[in-house]
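Okay, so here's the structure we're looking at.
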Amino acid sequence: MLNVMREQISPAPQRANSLPYDVVALVLQGGGALGAYQAGVYEGLHEAGIRPNWLAGISIGALNAAIIVGSPEGERVERLRQFWETICASPVGWPAGEGLADALPYAFDLRSLHNTFAAMRALFQGQPGFFKPRFPSPLWSPFSGDAATSFYDTAPLQRTLEQLVDFDRLNSGEVRVSVGAVNVRTGNLTYFDTTERRLGPKHFMASGALPPGFPSIEIEGEHYWDGGVVWNTPLSRVLSSEPRDTLTFQVDLWSARGRVPHDMMEVSSRQKDIQYSSRTRAITDQALRMQKMRQALQRTIERLPESAKADPEIRAIAEMARHRSCNIIHLIYQSKVYEGQSKDYEFGLNAMRAHWQSGLEDIRRTLCDPRRLDLPAPELGIITHDIHRPIEL
């Protein structure tokens, strides 16, 4: 099956040394089992010679970021594959059922049934190297703390991260990493950033501690939950940084657009899509307003006499108004009709490999048009390329 993921669709452009940007960012949304799509996107970027120097993630996006940045450059894709093969494996005692789905890959009912089976398996037995259910249930636990406030223990995830991630490499400063989590006490979104502190396993676990399934993670006396509780896409973190020319690959796992539901299962699935989808349009609209404001400030400063331009406050304003270009390549995983409301915890190997392949095909298709990576025209400053795949039946 692994060779399916490596299957070439078309040659990808080698643009690693010619991208005209100060920052090449990879922004990874939260979405549980759907995060294998992001791994496929990264494989396509890697084979094209594109090496992001800033990764920002939330939840599963944060975990993918840890694996990528905390691995030697030549081993990043294989480490990602090892991570996903580990956390999507069948626990002992459950039949994998992979052969049946492989034999009839286009059978709608079988694929839906297989995904549902994987989701039920995750709920009742957890996933190796990721999480395991608590006994007794927190609903009847005589204890306090994590045992009474979460259904699963995420200690296996910490061991997996310690095994696969070189945290010295991750914190070396070669690649910037930002991961979002919400402070349980204040309700505020916090970013753990390698430019501000050293990151360890718990910072990434905090970003993915989605309640009530997973326990909050304590860091320096504060408790943190999954950043997706407040905001599921860290795009604003990248766009609000100091003015620099930036190419951003934003990889979303939930689509804000979708059809009107026809039954209760579709209602639940559509609710998740809307709740966890990014607000990219709102963020980019705000960025465009800020760009127009900077351009207006530049024109105003140009009219000032030279003596006024030398004023320290005017120089500070001029620096804030400095022109920057921002190109956002927006990829969104498109759900299949056989996927239900449990798609974010369908941790089966077949589902994972299908998600991975979708991401790989999407980014290869995107990079076939090298103009998408060009700097935006100066009068625009910011452009967004929305890359959508047709829904597969």
Side-chain angles (χ1 to χ4, degrees), residues 26 28 30-33 35-36 38-39 42 46 52 55-92 122 125-134 145-147 150-181 190-211 213-228 345 347 349 352 356:
L26 180 59
L28 303 174
Q38 297 171 341
Y42 180 77
H46 192 86
L55 273 75
I58 284 177
S59 196
I60 197 66
L63 299 182
N64 279 330
I67 301 296
I68 294 168
V69 182
S71 301
E73 184 175 308
E75 299 178 17
R76 289 173 178 172
V77 174
E78 287 305 318
R79 290 276 186 96
L80 276 174
R81 186 171 286 114
Q82 184 179 350
F83 173 71
W84 281 97
E85 293 278 348
T86 296
I87 68 171
C88 291
S90 300
V92 175
Q125 273 204 325
Q127 287 301 130
F130 198 171
F131 58 91
K132 59 183 180 181
R134 297 190 185 278
D146 291 350
S150 59
F151 288 97
Y152 300 95
D153 179 1
T154 53
L157 175 60
Q158 181 168 346
R159 292 191 290 270
T160 298
L161 290 174
E162 290 170 344
Q163 177 185 358
L164 294 179
V165 178
D166 180 345
F167 285 95
D168 288 334
R169 181 183 298 274
L170 185 147
N171 288 284
S172 68
E174 181 180 350
V175 179
R176 181 176 179 179
V177 180
S178 307
V179 295
T190 298
Y191 280 100
F192 301 121
D193 197 303
T194 53
T195 63
E196 301 168 356
R197 66 173 79 194
R198 179 179 174 84
L199 302 189
K202 288 198 172 184
H203 296 96
F204 296 91
M205 293 173 66
S207 183
L210 184 64
F214 298 162
S216 64
I217 302 297
E218 183 176 359
I219 299 174
E220 298 175 358
E222 295 284 359
H223 288 260
Y224 295 91
W225 274 335
D226 191 308
Y345 55 93
F347 283 96
L349 286 172
M352 180 274 289
W356 186 304

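- Nearest heavy atoms, G126 versus P133: N-CD, 3.8 Å.
- Judged by distance alone, with hydrogens and angles left aside, the side-chain atoms of S207 form no donor-acceptor pair with the main-chain N or O of D226 at under 3.5 Å.
- The line from CG of D146 to OG of S216 is 6.0 Å long, rounded to the nearest 0.5 Å.
- Two residues are said to be in side-chain contact when any heavy atoms from C-beta on lie closer than 4.5 Å; I68 and Y42 meet this criterion.
- Nearest heavy-atom pair, P201 versus L161, reported as atom, atom and distance to 0.1 Å: O-CD1, 3.9 Å.
- Partners of L164 according to the side-chain contact (heavy atoms from CB on, under 4.5 Å) rule, which considers only residues two or more places apart in sequence or in another chain, are I67, R79, Q82, F83, T160.
- Nearest heavy atoms, I58 versus Y191: CD1-OH, 4.2 Å.
- Between R169 and S71, the side chains place no donor N or O within less than 3.5 Å of an acceptor N or O (distance only, hydrogens not considered).
- Inter-residue side-chain proximity for S150 and R134 is flagged as met; some heavy-atom pair is nearer than 4.5 Å.
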Chi angles and distances behind the ring-ring contact (aromatic ring centres under 6.0 Å, His included) call for F347, F130: CA-CA 11 Å; F347 283 96; F130 198 171; 5.6 Å; yes
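- Rounded to the nearest 0.5 Å, atoms NZ (K202) and CG (L157) are 12.0 Å apart.
- Remark: aromatic rings of F204 and F192 are distant, center separation not under 6.0 Å.
- When atom types are taken as modelled, the side chain of Q127 and the backbone of I87 share a donor-acceptor pair closer than 3.5 angstrom.
- The nearest pair of heavy atoms linking I219 to A206 is CD1-CB, 4.0 Å.
- To the nearest 0.5 Å, the span separating OG on S178 from CG on D193 amounts to 3.5 Å.
- A salt bridge links E78 with R81; the closest basic N to acidic carboxylate O contact falls under 4.0 Å.
- Side chains of N171 and T194: a donor-acceptor N/O pair is absent below 3.5 angstrom, by distance only.
- For E73, the side-chain contact (heavy atoms from CB on, under 4.5 Å) partners two or more places apart in sequence, or in a different chain, are H46, R51, R76.
- For the residue pair A181 and Y224, the shortest heavy atom distance occurs at CB-CB, 4.0 Å.
- Between R198 and F167 there is a side-chain heavy-atom pair separated by less than 4.5 Å.
- When the options Q158, H203, M205 are evaluated for a side-chain contact (heavy atoms from CB on, under 4.5 Å) with I217, the one that passes is M205.
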Worked verdict on W356 versus L80 for side-chain contact (heavy atoms from CB on, under 4.5 Å): CA-CA 10 Å; W356 186 304; L80 276 174; 4.0 Å; yes
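- Here E75 contributes atom CD and D166 contributes atom CG; the two are 10.0 Å apart, rounded to the nearest 0.5 Å.
- With rounding to the nearest 0.5 angstrom, the OG atom of S59 is 14.0 Å from the CH2 atom of W225.
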